[in-house]
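Worksheet: the structure to be examined is printed underneath.
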Amino acid sequence: MLQLCDVVKSYDGKSTVTALAGITLSIGAGEMVAIMGPSGSGKSTLLNLMGGLDVPTSGEVLVAGTDLARQSEKERSLFRRSHVSYIFQAYHLMPTLRVRQNVALPLRLAGVPAREADARVERVLAEVGLDHRADHLPDELSGGERQRVAIARALVTDAPLLLADEPTGNLDSARGKEILALLRSIHGRRGTTIVMVTHDREAASACDRLIRLRDGRVEDDGAAPGGAR
Ligand SMILES: Nc1ncnc2c1ncn2[C@@H]1O[C@H](COP(=O)(O)OP(=O)(O)OP(=O)(O)O)[C@@H](O)[C@H]1O
Ligand SMILES: [Mg+2]
């Protein structure tokens with residue numbers, strides 16, 4: 001699903017910051033992988049490259065066999081729409097849109113007809129256990145519920161790759177556990193490839209594999225301790 005070959009990412013500013021200093025790894029279809037590492041070690045940068053939100057300074061990033069660095073911004077964004085979905089620590093919901101409208105957004109962008117979109121929204125809201133909140137505004141929901149809306153929005157396009165940047169970072173541990181159980185069950189049911197950045201050991205142990213970054217390099221890559229398999 002993902003192949004990275006000697007990926008370097010540096011940012012030019014007053015001084016050059018090397019966020020990723022040569023990453024080579026591959027993630028198979030259907031894996032559930034945690035990425036851990038100290039603040040500033042390059043976790044979010046890596047996730048953004050995997051999702052084609054950004055391109056490497058050098059090296060190759062292949063997503064489902066496609067080299068994103070060789071594509072135009074437009075091609076990349078079309079590719080992203082069908083292949084990759086994201087969830088974030090801070091949910092990133094549209095505050096003025098109701099739950100069902102938030103979840104429908106990626107389908108509207110993709111030009112899916114309203115009737116089909118409505119049916120798909122209903123289905124994923126049921127899948128995350130929020131069908132009874134479909135007409136609420138994000139403000140009217142708890143943190144855990146908001147993250148479930150964000151997960152529903154990520155699922156609605158059926159993208160094969162789900163990237164999550166600290167999805168439980170804003171939640172208390174009980175709510176965090178529920179979100180992890182939900183991601184785990186999505187992974188089991190749909191076979192979605194999931195890559196999750198986390199600071200939380202418990203979150204990492206919900207995954208099958210743990211990659212540790214330090215100073216923009218892979219420090220360790222193996223089975224997650226206490227992992228699900
Ligand atoms: N747009 C940018 N411009 C310049 N430097 C950046 C930019 N984005 C990230 N960096 C730098 O790259 C390095 C890696 O950042 P990144 O956000 O990937 O870290 P992280 O591991 O996700 O950290 P955290 O756990 O704090 O979220 C950091 O030193 C950061 O300051
Ligand atoms: Mg980060």
Side-chain angles (χ1 to χ4, degrees), residues 1-27 31-63 67-69 71-73 76-77 80 84-93 143-144 146-147 150-151 153-154 159 161-173 175-177 179-180 183 193-222 224-225 227:
M1 173 62 63
L2 276 169
Q3 269 150 331
L4 283 78
C5 188
D6 207 17
V7 169
V8 172
K9 178 69 183 177
S10 43
Y11 294 103
D12 284 321
K14 277 190 180 153
S15 58
T16 300
V17 176
T18 303
L20 297 176
I23 302 259
T24 297
L25 58 84
S26 105
I27 293 177
E31 281 198 80
M32 183 162 175
V33 181
I35 298 178
M36 295 185 87
S39 181
S41 58
K43 305 180 297 296
S44 296
T45 303
L46 182 62
L47 212 64
N48 290 343
L49 294 180
M50 288 175 169
L53 289 178
D54 205 349
V55 289
T57 308
S58 65
E60 274 186 346
V61 179
L62 300 181
V63 183
D67 184 352
L68 297 179
Q71 292 193 311
S72 69
E73 200 148 323
R76 230 176 26 247
S77 100
R80 260 204 320 269
V84 188
S85 56
Y86 253 95
I87 54 179
F88 303 92
Q89 176 172 2
Y91 325 126
H92 293 200
L93 302 175
R146 284 180 212 183
Q147 192 59 295
I151 292 171
R153 182 183 54 189
L161 176 62
L162 173 61
L163 302 174
D165 200 346
E166 302 192 41
T168 60
N170 277 2
L171 302 174
D172 65 42
S173 82
R175 249 35 70 192
K177 272 197 187 126
I179 292 298
L180 291 170
L183 290 174
T193 308
I194 300 181
V195 182
M196 174 169 73
V197 168
T198 182
H199 279 114
D200 174 20
R201 267 165 214 287
E202 200 158 339
S205 68
C207 298
D208 307 315
R209 174 175 165 195
L210 170 60
I211 297 172
R212 284 183 188 279
L213 296 187
R214 180 173 296 274
D215 300 332
R217 295 176 197 280
V218 175
E219 181 184 51
D220 193 45
D221 182 355

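Both ligands and their constituent atoms are indexed starting at 1 by order of listing.
Using a distance-only test at 3.5 Å, with no hydrogens or angles considered, no donor-acceptor pair links the side chain of Lys43 to the main chain of Arg212. Judged purely by atom type and a 3.5 angstrom limit, Arg76 uses its side chain to pair as donor or acceptor with the backbone of Gly52. At least one donor-acceptor pair closer than 3.5 Å links the side chain of Arg217 to the backbone N or O of Ala21. In this structure, Ser85 contributes its side chain and Leu162 its backbone to no donor-acceptor pair below 3.5 Å.
Distances shorter than 4.0 angstrom do not occur between any heavy atom of Gly216 and any atom of ligand 1. Ligand 1 lies within reach of His199, whose nearest heavy atom is under 4.0 Å from it. A heavy-atom separation below 4.0 Å is found between Gly42 and ligand 1. Within the 4.0 Å heavy-atom shell around ligand 1 one finds Ser41.
Side-chain contact check for Asp220 versus Arg214: every heavy-atom pair is 4.5 Å or farther apart. Using a 4.5 Å heavy-atom threshold, the side chains of Leu183 and Met32 count as touching. In this structure the side chain of Leu213 reaches within 4.5 angstrom of the side chain of Ile23, judged on heavy atoms. Put simply, the side chain of Asp165 does not reach to within 4.5 Å of the side chain of Leu163, judged on heavy atoms. Counting heavy atoms from C-beta outward, Leu46 and Ile211 have side chains that stay 4.5 Å or more apart. In this structure, Asn170 and Arg146 have side chains that are not in contact, with every pair of non-hydrogen atoms separated by 4.5 Å or more.
Here the heavy atom of the protein found nearest to atom 25 (O) of ligand 1 is Lys43 NZ, 2.7 Å. In terms of protein heavy-atom proximity, atom 26 (O) of ligand 1 is nearest to Ser39 OG, 2.5 Å. The protein heavy atom nearest to atom 18 (O) of ligand 1 is Thr45 OG1, 2.6 Å. Atom 30 (C) of ligand 1 has as its closest protein heavy atom Val17 CG1, 4.7 Å. Here the heavy atom of the protein found nearest to atom 17 (O) of ligand 1 is Ser44 CB, 3.8 Å. Among all protein heavy atoms, the one lying closest to atom 9 (C) of ligand 1 is Tyr11 CE1, 3.5 Å.
Heavy-atom proximity to atom 13 (C) of ligand 1, evaluated over Gly40, Gly169, Gly13, Gly37, is greatest for Gly40.
Annotation for Asp67: atom CG counts as buried by contact number, over 12 foreign heavy atoms lying within 6.0 Å.
Near the Mg ion (ligand 2), less than 2.8 Å away, sit the protein N, O or S atoms Ser44 OG.
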Which is it for Asp208 and Glu31 under the side-chain contact (heavy atoms from CB on, under 4.5 Å) test, yes or no, and what are the steps along the way? CA-CA 7 Å; Asp208 307 315; Glu31 281 198 80; 5.7 Å; no
Let's go through Glu166 and His199 carefully: what are the C-alpha distance in whole Å and the side-chain angles of both, what is the deciding distance for side-chain contact (heavy atoms from CB on, under 4.5 Å) to 0.1 Å, and is it a yes or a no? CA-CA 7 Å; Glu166 302 192 41; His199 279 114; 3.2 Å; yes
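Less than 4.0 angstrom separates some heavy atom of Pro38 from each of these atoms of ligand 1: 21 (O).
Shown here, atom 22 (O) of ligand 1 is in close reach of the protein: a heavy atom of it lies under 4.0 Å off.
Between Ala19 and ligand 1, a contact under 3.5 Å exists for no N or O pair.
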